[in-house]
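Input: a single structure, listed below in structure tokens.
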Protein chains: 2
Amino acid sequence: MSTANTNSEANDEHQSCCPLEVTLPGETPLTDKAASELEDLFKILANDTRLKLLHNLALAREMCVCDLADSLGMKPQAVSNQLQRLSDRGIVATRRVGNNIYYRVVDTCIIDLLHKAVCLLRDAEDTREGVVSLASLK
Amino acid sequence: MSTANTNSEANDEHQSCCPLEVTLPGETPLTDKAASELEDLFKILANDTRLKLLHNLALAREMCVCDLADSLGMKPQAVSNQLQRLSDRGIVATRRVGNNIYYRVVDTCIIDLLHKAVCLLRDAEDTREGVVSLASLK
DNA sequence: ACACAATTACACTGGTCTGTGTAATAATGT
DNA sequence: ACATTATTACACAGACCAGTGTAATTGTGT
């Protein structure tokens, strides 16, 4: 009820993806239910096939199963398999055009999370490679 | 090289967690390597025990294994098991104090991602419940 | 040196997941 | 109707994973 403004973190001055603070002050520990839901959320993203599918669909607004299968170099069955998991969670939706069934992303949050994760990975690589200005404290 | 400035997204005006656009224009499709790394990243988060551990550690800067085990209501072995996975990925680090070994989070990105995911879940629930202002386009 | 506590190492078991192969379903064109 | 294409349904096999139980390791105090 009226969960309006929770913008208590106005210092979002990160040039990269990662924040500088590790703690989460003022939050309550994760409930079992929340942890389980989070697990499901991350689990659906913890598969390279589904990640590629989502990324493909995020780039091209709509794609049918066979095109996605071609793009990934996989068999339609396997692709359909994973697409259905994504569909079950309401992440993607379908639209039929003749014989083909076109999939599209409807859950913007997932893509945002994916986008963020990509950014974090890029950060991690940058840090691991050259930017050792802060990481050189052995 | 010199992957310096990639701050081409200045329109971060989201009140909630979710962006309004689904597509990711201007990006290249996910490479196999990137997809695999992303999978690993999400896989490490796709477990309620590890999520609770990370959240506990993010709330209290440092905790030893037995305290974490008590907090989760689990056996030390199981907790140590998961802590080691987190340690292998460089997400947490240890510090010995007498008999006890204290764990702490060192990968801020993971916590940031976790924080974001929690926010997204909250958004999803809000949307599912009452806030149907934009979702009512059937 | 010895008993004790905290943590980890290791083998093991039950469960889950992914891609495959085959068959079924749905729509198209002749 | 029939053949064809696209997609899905389903059972299955291999791999991976989480928690358990036991044993080993490490540090403490006497």
Side-chain angles (χ1 to χ4, degrees), chain A residues 30 32 35-57 60 62-105, chain B residues 30 32 35-57 60 62-105:
Chain A
L30 225 51
D32 285 358
S36 178
E37 289 178 358
L38 266 183
E39 175 183 346
D40 290 341
L41 173 64
F42 285 122
K43 201 171 272 180
I44 198 70
L45 292 173
N47 173 270
D48 61 339
T49 297
R50 285 192 293 270
L51 287 172
K52 290 181 198 167
L53 289 174
L54 282 177
H55 208 260
N56 269 275
L57 289 176
E62 241 186 4
M63 289 179 80
C64 68
V65 179
C66 57
D67 286 344
L68 284 168
D70 284 347
S71 175
L72 301 202
M74 294 179 61
K75 308 204 170 180
Q77 299 104 300
V79 170
S80 175
N81 221 345
Q82 305 307 328
L83 284 172
Q84 211 135 38
R85 284 172 184 265
L86 294 173
S87 176
D88 288 345
R89 312 275 168 138
I91 297 174
V92 300
T94 61
R95 183 175 71 100
R96 175 151 226 152
V97 179
N99 273 337
N100 298 48
I101 293 186
Y102 286 84
Y103 280 81
R104 68 183 183 281
V105 178
Chain B
L30 226 49
D32 284 358
S36 179
E37 288 177 358
L38 266 183
E39 176 184 344
D40 289 342
L41 172 64
F42 284 123
K43 201 170 273 181
I44 199 70
L45 292 173
N47 174 269
D48 61 338
T49 296
R50 285 192 294 269
L51 288 172
K52 290 181 198 168
L53 289 174
L54 283 176
H55 208 261
N56 269 275
L57 289 175
E62 241 187 4
M63 289 180 81
C64 68
V65 180
C66 57
D67 286 343
L68 284 168
D70 284 346
S71 176
L72 301 202
M74 294 179 62
K75 308 204 168 178
Q77 298 104 303
V79 169
S80 173
N81 223 343
Q82 305 307 327
L83 284 172
Q84 211 136 38
R85 283 172 185 265
L86 294 172
S87 176
D88 288 344
R89 313 274 167 139
I91 298 173
V92 300
T94 61
R95 183 175 73 99
R96 173 150 227 152
V97 179
N99 274 335
N100 297 47
I101 293 186
Y102 285 84
Y103 279 80
R104 67 183 184 279
V105 178

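In what follows, every chain begins at residue 1, and chains take the letters A, B, ... in the order their sequences are listed. Since the model is a prediction, treat every value here as computed from it, not as a measurement.
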Practice task
Would you please confirm or rule out a distance under 4.0 Å between OP1 or OP2 of D:dT8 and any side-chain N or O of A:Ser80?
Solution key: yes

Practice task
Name the nucleic acid region contacted by A:Tyr102, choosing base, sugar-phosphate or nothing; use a 4.0 angstrom heavy-atom cut-off, strictly under.
Solution key: nothing

Problem - Short side-chain N/O contact to C:dG19 OP1/OP2 from A:Lys75, under 4.0 Å - result: no

Practice task
Could you state the atom-to-atom distance from CD of B:Gln82 to C1' of D:dT20 in whole Å?
Solution key: 13 Å

Exercise for the section: Record whether the side chain of A:Gln77 comes under 3.5 Å of the base of C:dT18 through a donor-acceptor pair of N or O atoms. Expected result: no

Exercise for the section: Using atom CG of A:Leu86 as one end and atom C1' of D:dT8 as the other, report the distance to the nearest whole Å. Expected result: 15 Å

Problem - Whole-Å gap separating C1' (C:dT30) and CG (A:Asn99) - result: 15 Å

Exercise for the section: Return the value, rounded to whole Å, for the distance between atom CZ of A:Arg96 and atom C1' of D:dT5. Expected result: 11 Å

Practice task
Looking at every strand, decide which applies to A:Asn81 at a 4.0 Å heavy-atom threshold: base, sugar-phosphate, or nothing.
Solution key: base

Problem - Euclidean distance, atom CZ of residue A:Arg85 to atom C1' of C:dC17 [Å, nearest integer] - result: 6 Å

Handout entry: Nearest atoms (heavy-atom pairs only) where A:Asp48 meets B:Ser36
Key = CB-N, 4.5 Å

Practice task
Starting at atom CG of B:Asp88, determine the distance to atom P of D:dA18, rounded to an integer number of angstrom.
Solution key: 12 Å

Problem - Under-4.0 Å side-chain N/O to phosphate OP1/OP2 contact, B:Arg50 with D:dC17 - result: no

Handout entry: With A:Val65, the side-chain contact (heavy atoms from CB on, under 4.5 Å) member among A:Asn100, A:Asp70, A:Leu83
Key = A:Leu83

Exercise for the section: Rounded off to whole Å, could you give me the CD1-to-P distance for the B:Ile101 and C:dA9 pair? Expected result: 9 Å

Exercise for the section: For residues A:Asp32 and B:Lys52, determine if any side-chain heavy atom of one lies less than 4.5 Å from a side-chain heavy atom of the other. Expected result: yes

Fill in the blank from the handout: 5'-most contact on DNA chain C (nearest-nucleotide basis), B:Leu83 vs A:Thr49, goes to B:Leu83

Problem - N/O donor-acceptor pair under 3.5 Å between B:Arg50 side chain and B:Leu86 backbone - result: no

Practice task
Can you tell me the distance, in whole Å, between the OH atom of B:Tyr103 and the P atom of C:dA6?
Solution key: 15 Å

Handout entry: Under-4.0 Å side-chain N/O to phosphate OP1/OP2 contact, A:Gln84 with D:dT7
Key = no

Practice task
Would you indicate, yes or no, if C:dA27 has its OP1 or OP2 atom less than 4.0 angstrom from a side-chain nitrogen or oxygen of A:Asn100?
Solution key: no

